[in-house]
Amino acid sequence: MPALPVLPAAPFRAWWAQRSPAAGAAVMATGIVSVALHLAGWEILSLIFLVLACAAWLGLAAEFTLRLLRERERWVSEAKTPGALTAVAATAVLGTRVSALGHDALAGALLALATVLWPVLLVLVVRHRRPRMPGSVFLCCVATQALAVLAATLAAAESAAWLARVALVLFWFGLVLYVLALFRFDLRQVTEGAGDHWVASGAIAISALAGAELLAADSARLYLWNDDDLGVLRVMTVGLLVLDLVWYGVLLVGEAVRPRPRYDTRRWATVFPLGMTAAATLSASAAVGVPWLGGLGRVLSWVVVAVWLVVAVGAVTSARAAITSGPVRGPVRSTARR
């Protein structure tokens, strides 16, 4: 009898196992789009993006754990790359959105998990930095500020002054990390980068969001900052937001000068800064009392939704092609009589 045709063994699982740590940028991007839409008042659409972000986070968390348990050498090798810090940032971004739903206990658990991962991954990444790095070098700042945002959010929700002060320390430390990363950033990436060069803007945007959340955490019942502190935080928040918008413009010009239309996984690191800019603008509008920023933030929210859809289509198309054209694996089975 003729041999039976052989089907690929678990093609999706094989494709998924090849995901790099930088794939966490997809969770970051989807999560911050949910946050921006929530701040803009589009709750149902925000919840849809939250569900997508949670599903992706669970899948990547499972893969992260399996590699740690079964492929220790690979895990350590990948943990040395800046993309590994997307695990911290994605977890904290999800925690921020979950807190907005009133689930502070779950948000606190996500903060604890991100806090445990943060020093381990940060030390590994910093020790393996090199000159002229792509935009992923700014993930050191992004991960730190993501913790600051979630800590400040929970401080306001739980009236925890100590947590707000921890968030303030993380905020300033994140800015230091940004300056250090800037010296390592290869400016040629503005016109040559594959997508993660936008993190140069996203790191500033999340810093502005952290400043806005620190301002919002202060209240009559939770006296945190005196007038001087508030003044400094307001100036820093506005200044960071302006700098973020400048970066936004520069990077847009870079894309126009040298278009890069082909899909790349690193394009999720483009969506994240766009969403973070929208969220920071909306949050700063309320925190510093500038109403017209709210209108700008809503416009930017629709921009990031459109870009997310384009990148998502590219991701699905790329994944489908990779899965269907993957190599045939597994032994050939035959029922031929000898």
**Study point:** Carboxylate-amine/guanidinium contact Arg74 Glu63, below 4.0 Å
**Key:** no
Could you check if a side-chain atom of Leu52 sits within less than 4.5 angstrom of a side-chain atom of Trp308, using non-hydrogen atoms only? yes
Residues at least two apart in sequence or cross-chain that pass side chain to side chain donor-acceptor pair (under 3.5 Å) with Arg320, listed by chain then number, are none
Should Leu300 and Leu296 count as side-chain neighbours, where that means a heavy-atom distance under 4.5 Å? yes
Q. Would a distance-only check, ignoring hydrogens and angles, find a side-chain to backbone donor-acceptor pair under 3.5 Å from Ser34 to Phe49?
A. no
Close side-chain approach of Val142 and Met276, heavy atoms under 4.5 Å
no
Residues at least two apart in sequence or cross-chain that pass ring pair (Phe, Tyr, Trp, His ring centres under 6.0 Å) with Phe171, listed by chain then number, are none
Practice problem: Check for a donor-acceptor pair, side chain of Asn226 on one end and backbone N or O of Asp229 on the other, with a separation under 3.5 Å. | Solution: yes
Looking only at atom types and distance, does a side-chain atom of Ser318 sit under 3.5 Å from a main-chain N or O of Gly314, one as donor and one as acceptor? no
Item checked: Exam field: side chain Ser285 to backbone Gly294, donor-acceptor pair closer than 3.5 Å -> yes
message = Any heavy-atom pair between the side chains of Leu47 and His38 that's under 4.5 Å?
response = no
Across all chains, not counting sequence neighbours, the side chain to side chain donor-acceptor pair (under 3.5 Å) partners of Arg234 are none
>> Is the shortest side-chain heavy-atom distance between Leu154 and Leu150 below 4.5 Å?
In response: yes
query = Does the side chain of Arg266 pick up a donor-acceptor pair with the side chain of Ser136 at under 3.5 Å?
reply = no
**Asked** Is Leu240 close to Leu175 at the side-chain level, that is, under 4.5 Å between some pair of heavy atoms?
**Response** yes
query: Got Leu39 and Val35 here, is their nearest side-chain heavy-atom distance under 4.5 Å?
result: yes
Salt bridge (charged side-chain N to carboxylate O under 4.0 Å, His left out) pairs touching residues 185-197, sequence neighbours excluded, are Asp186-Arg188
Contacts of Trp247 meeting ring pair (Phe, Tyr, Trp, His ring centres under 6.0 Å) (sequence neighbours excluded), chain-then-number -> none
task: Take Glu73 and Lys80, measure what salt bridge (charged side-chain N to carboxylate O under 4.0 Å, His left out) needs, and give me the verdict at the end.
output: CA-CA 11 Å; Glu73 290 185 4; Lys80 297 174 183 178; over 6 Å; no
Contacts of Phe272 meeting ring pair (Phe, Tyr, Trp, His ring centres under 6.0 Å) (sequence neighbours excluded), chain-then-number -> none
Next on the checklist: Has Arg260 got a side-chain atom pairing as donor or acceptor with Arg258's backbone, closer than 3.5 angstrom?
Outcome noted: yes
### Message
Is it the case that over 12 heavy atoms from other parts of the model lie below 6.0 angstrom from the CD1 atom of Ile44?
### Response
no
Please check if the number of heavy atoms outside Asp227 that lie under 6.0 Å from its CG is greater than 12.
no
Side chain Thr30, main chain Ala26, donor-acceptor under 3.5 Å: yes
